[in-house]
Structures are given as C-alpha cells and as structure tokens.
Novice: 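Mind looking over this structure? Questions follow.
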Protein chains: 2
Amino acid sequence: MAEAKAWPPGRIKIADALRVLLEKKDFSAITTAEIAKTAGVTEALIYKYFKDKRDLLYQVLAENLEHYHFRAHTDLKGIKGALNKIRKLIWSHINVYATDRVFAKILLLDVRSFSDYYTSETYKLVKKYTEILLEIIQEGIKDQEIRDDIPPVFLRQAILGSIENVCLTRVIFGREISPDDLTEKLCEFVFKGIEQRAVNHSTTQPLNY
Amino acid sequence: MAEAKAWPPGRIKIADALRVLLEKKDFSAITTAEIAKTAGVTEALIYKYFKDKRDLLYQVLAENLEHYHFRAHTDLKGIKGALNKIRKLIWSHINVYATDRVFAKILLLDVRSFSDYYTSETYKLVKKYTEILLEIIQEGIKDQEIRDDIPPVFLRQAILGSIENVCLTRVIFGREISPDDLTEKLCEFVFKGIEQRAVNHSTTQPLNY
DNA sequence: TAGACAAGGTTAGGAATCCTTACCCAGCAT
DNA sequence: ATGCTGGGTAAGGATTCCTAACCTTGTCTA
C-alpha cells in the first residue's frame, strides 16, 4: 500500500483534490462530486482506486503517516538519553501539526469518529508511530531516567494525549502552533508534573542537565 | 435549551432513540429513518425539534453535559486543596466515561469532527465544564500547591488531554475503564511527571498524604 | 500481425439519505 | 362556534454515494 511510486495520474489527482478540499471544509461536507470535479476526473474513477469515500481519506492519511514516521525515526538519530529523545519527538510531532494542518485535521479530527478506521491498515501505521515513543519510554525506565512505577503503555497514552490536546484546539480554531514554545511547556509538564516542587535549594537541583 | 422539563413525548422518544442506536453504531451510520423508526415517530418530527441530524446529536450531548457538569460541581464540595480537588475531578470525569459509554463516544469521538460543533451552544457547556479545572489550577498556583511557571490554560489542556486519551482507547475498543486505577496513575503522572526523582530518601517524602 | 488482455478512464443510472412543504387534528381560550 | 396553537403525519424532491457496463489505448504474445 502506498508504494510511493507509479500511482496512475488519476489516483494522484483524486488524492490531491481531497487534500485541497480539506483545507477549507469538513470531510463530511465534501462530496464525491466535488472531489471529482476538483481532480478533473469523473466520480466513478474514485471508486476504481478507493473502496469508498472513507477509504480515500484513510489512504491519503496513510501516505502522510509513512512519510512522517520515517522522518521521526531519522530525527531521533544521534540523540542520547530517553528524555532528550522524548523532547525531540514532541518537537517533531508538534512541528508536523504546525506545518501540515490538513494532516493534523485528518488525524486528530476526521478519521477518529469512524469505527472502521480502527481496523484499517492506516491505523496500524499510527500504532507503529506511537511504538517509537513506547520504546523510548522503556529505554528510559531501564536507564533509570524515567520512573518505573507506571506502566509504559499508560505513560505513552498520557503523554500523547497531552501533546495532541494542546495542539487540537489550535488546529480547530486555526490558531498558530509554535513548536518551540509548546515543546518547552509540554516537557516541563510531562517530565516534572504540575506539583510545586519543595523549595529546598540544597537538594533538588536537577542532575541531568 | 434543555429545560429539563416539559419536552413533548415525541422529542424525548427521538433523543432516546438516538442514544439507543449510538450504543451499537457510529453516528454517521445511523439514518434519520432508523431514528424515527426506533422512536416510533415519523422522520419529519425530528426536524420539528432539531435543526438537523447533527443538532439532535448536539442536544443529546448537551443534556448529558448539564447533568454531569452539575454533578462535578457538587462532587468537589468539601474538598480542601487544589491537588485533592484535581484528583477528585479526574476520578469523577473518568467515572462518567466508565459508566456512560454513549456519552463518552459522543463527546470524544462523534461531535469532534464537525466544525459547526465548536460554535454550538453545546460546546459552550463543555467550556464551562473545563472552566472548573482551570479555576482549581489557578487556586493551586495561588496557594503554591501548583507550579506557577506554566500558564494555567496550558496545564488544563495538557491534563485534560492525558485524561481523555487514556480513556479514549478504552472507549473505542470497548475495554473496561477502572476509575480507581486510572485516577491513581493519572495523578502520579500529572502531579509528579515521568522523570525519575532523585533517589534521596531523606528529603523526598511526600508531604501531603 | 492479429488479437488477447490489461490499465486507465468514462457514461449513465439507481438506491438511500436528509430534509422540506403542506397538511391533519385535538384541545382550549375567547 | 371559532380561531389558534402545539404535537404530529404524509408525501416527495434534491443530493449523495456508489455500481455496472462500456470505451480506448498500449503492450505482450502466438
């Protein structure tokens, strides 16, 4: 799937058309007629390449996911330490939402309400992506950088939830997303929590940086 | 809106019918014909009481929200300390998702993809609900229980995101939700963060419990 | 080199779905 | 008795998603 090469022109035009339309409209408000017209093909062609309208959405998402998954992987190369990796992953993650609003909208809003999405190939890609974070957490626990009294899978959910929810409102209302600023705040939150630390200047110095 | 009293029987039957159908199906897969049939009324009656199919969804959600918002408020009475209040709020919040899966599905999955939802009266109720958490955070900052170097609005988003994302997968896949267990883990995460604390047995005893 | 056969695309249409317009009827106030 | 309001129905139309069948062009092969 999404072989990156050799898609017929019609298929490409259709996928691009959907991306264009999603910039301005909800997925549910976009009709197949509209997609076909924007793509410059007939409606029936959509159904040659996609099972149905949703499948088109899933496949468009999948193409983006593959790309960003690959990028996340390379972005992490050369970084030492679980917390540093998490910081970088958060930054990259937010940066994608900041620069590709259509992708953000599809992933955070459009597909989530369809229950067949969770059995799709595309959802497997999402899981593959979040696997990266899980591995970093496990590494961090092993190296004593991350606490070991909360299950890694749980931590992953909580971390991703906070990232996504912070970006979500900004995506919905078209507000600006600043990766630097948000990453800084998110890391503070995720790493240290909201509790006011004891104001004990002698013993609470951070050890790692 | 949602005057709690004096709704005509037809309206009640329609709202109930939607709730029943949502237990088994996506909102997008439910037809107006189906709703009418389940309710034992004609399709046209839906449009007497609701602007359109979505408006029906929003209003059903609104009714639940009002109820849970009220309950959250009373649940917090008599609790001292911002962190204790947050713990209780998290528990109540999760408990709602645990006991009312339809409500959870509507709020976390169904309405989010519709952009007109964010201009609806129902969304205002959601904001009113999240306002509770914001006020607690502000109180906590004032009382030095909560760190003051991250904006309260940001903290609220991050906290709610982690709560909701933790519940989300369980809602999607129909897995069990254990309020006690999840609250404990979430509070640990939210209050203290993921970073392994310095293993300094003399000074790191928790103070509050 | 005819012809089989994919691959890419179109024509035409049908079932379902959402929603509207016009109508009915009971109760009740004047 | 009459007008009017609130709750409900009947009937239909436009739109939307999707399918079946067909066309066309290039390529492989006997």
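Numbered from 1 within each chain, the chains take letters A, B, ... in sequence-line order.
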Novice: Give me the residues of residues 111-119 of chain A where at least one heavy atom lies under 4.0 Å from an atom of DNA chain D, by number, or none.
Specialist: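 Residues of residues 111-119 of chain A under 4.0 Å from DNA chain D: none.
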Novice: Report the residues that fulfil side chain to side chain donor-acceptor pair (under 3.5 Å) with B:Thr130, sequence neighbours left out, ordered by chain and then residue number.
Specialist: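 In terms of side chain to side chain donor-acceptor pair (under 3.5 Å), with neighbours along the sequence ignored, B:Thr130 is linked to B:Arg156.
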Novice: For a quick check of understanding: with a heavy-atom distance under 4.0 Å over all strands, which category does A:Tyr49 fall into, base, sugar-phosphate or nothing?
Specialist: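 Sugar-phosphate only.
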Novice: State which residues pass ring-ring contact (aromatic ring centres under 6.0 Å, His included) with A:Phe70; sequence neighbours excluded, sorted by chain then number.
Specialist: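 Once residues adjacent in sequence are excluded, A:Phe70 has no partner under the ring-ring contact (aromatic ring centres under 6.0 Å, His included) criterion.
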Novice: Go along nucleotides 15-22 of chain D 5' to 3' and tag each nucleotide: B for a protein heavy atom under 4.0 Å from its base, S when only backbone or sugar atoms are that close, - otherwise.
Specialist: -SBBBBB-
Novice: For residues 126-154 of chain A, pull every pair meeting ring pair (Phe, Tyr, Trp, His ring centres under 6.0 Å), keeping only residues two or more places apart or in separate chains.
Specialist: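 The answer is A:His93-A:Tyr129.
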Novice: Identify, with sequence neighbours excluded, every residue that meets side-chain contact (heavy atoms from CB on, under 4.5 Å) alongside B:Thr99.
Specialist: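 Listed in chain order: B:Asn95.
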Novice: At a heavy-atom distance below 4.0 Å, which nucleotide of DNA chain C is the first touched by chain A, and which is the last?
Specialist: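 Nucleotide range with atoms under 4.0 Å of chain A: C:dG8 to C:dT11.
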Novice: Can you label the angle between the B:Tyr123 ring and the B:Tyr117 ring as parallel, tilted or perpendicular, going by 30° and 60°?
Specialist: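 Correct class here is perpendicular.
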Novice: Can you name the residues that form a ring-ring contact (aromatic ring centres under 6.0 Å, His included) with B:His73, not counting sequence neighbours?
Specialist: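 B:His73 satisfies ring-ring contact (aromatic ring centres under 6.0 Å, His included) with B:His69 only.
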Novice: Who passes side chain to side chain donor-acceptor pair (under 3.5 Å) against B:Thr32, sequence neighbours left out?
Specialist: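 Here the qualifying residues are B:Glu43.
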Novice: Mind checking ring-ring contact (aromatic ring centres under 6.0 Å, His included) for A:Tyr68 and listing every partner two or more places apart, or none if nothing turns up?
Specialist: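 A:Tyr68 satisfies ring-ring contact (aromatic ring centres under 6.0 Å, His included) with A:Phe103 once adjacent residues are dropped.
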Novice: Who passes salt bridge (Lys or Arg N to Asp or Glu O under 4.0 Å) against A:Lys85, sequence neighbours left out?
Specialist: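 If we apply the salt bridge (Lys or Arg N to Asp or Glu O under 4.0 Å) test to A:Lys85, skipping adjacent residues, the hits are A:Glu139.
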Novice: List the residues meeting side chain to side chain donor-acceptor pair (under 3.5 Å) with A:Ser115, not counting sequence neighbours, and say none if there are none.
Specialist: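 Applying side chain to side chain donor-acceptor pair (under 3.5 Å) to A:Ser115 gives B:Asp26.
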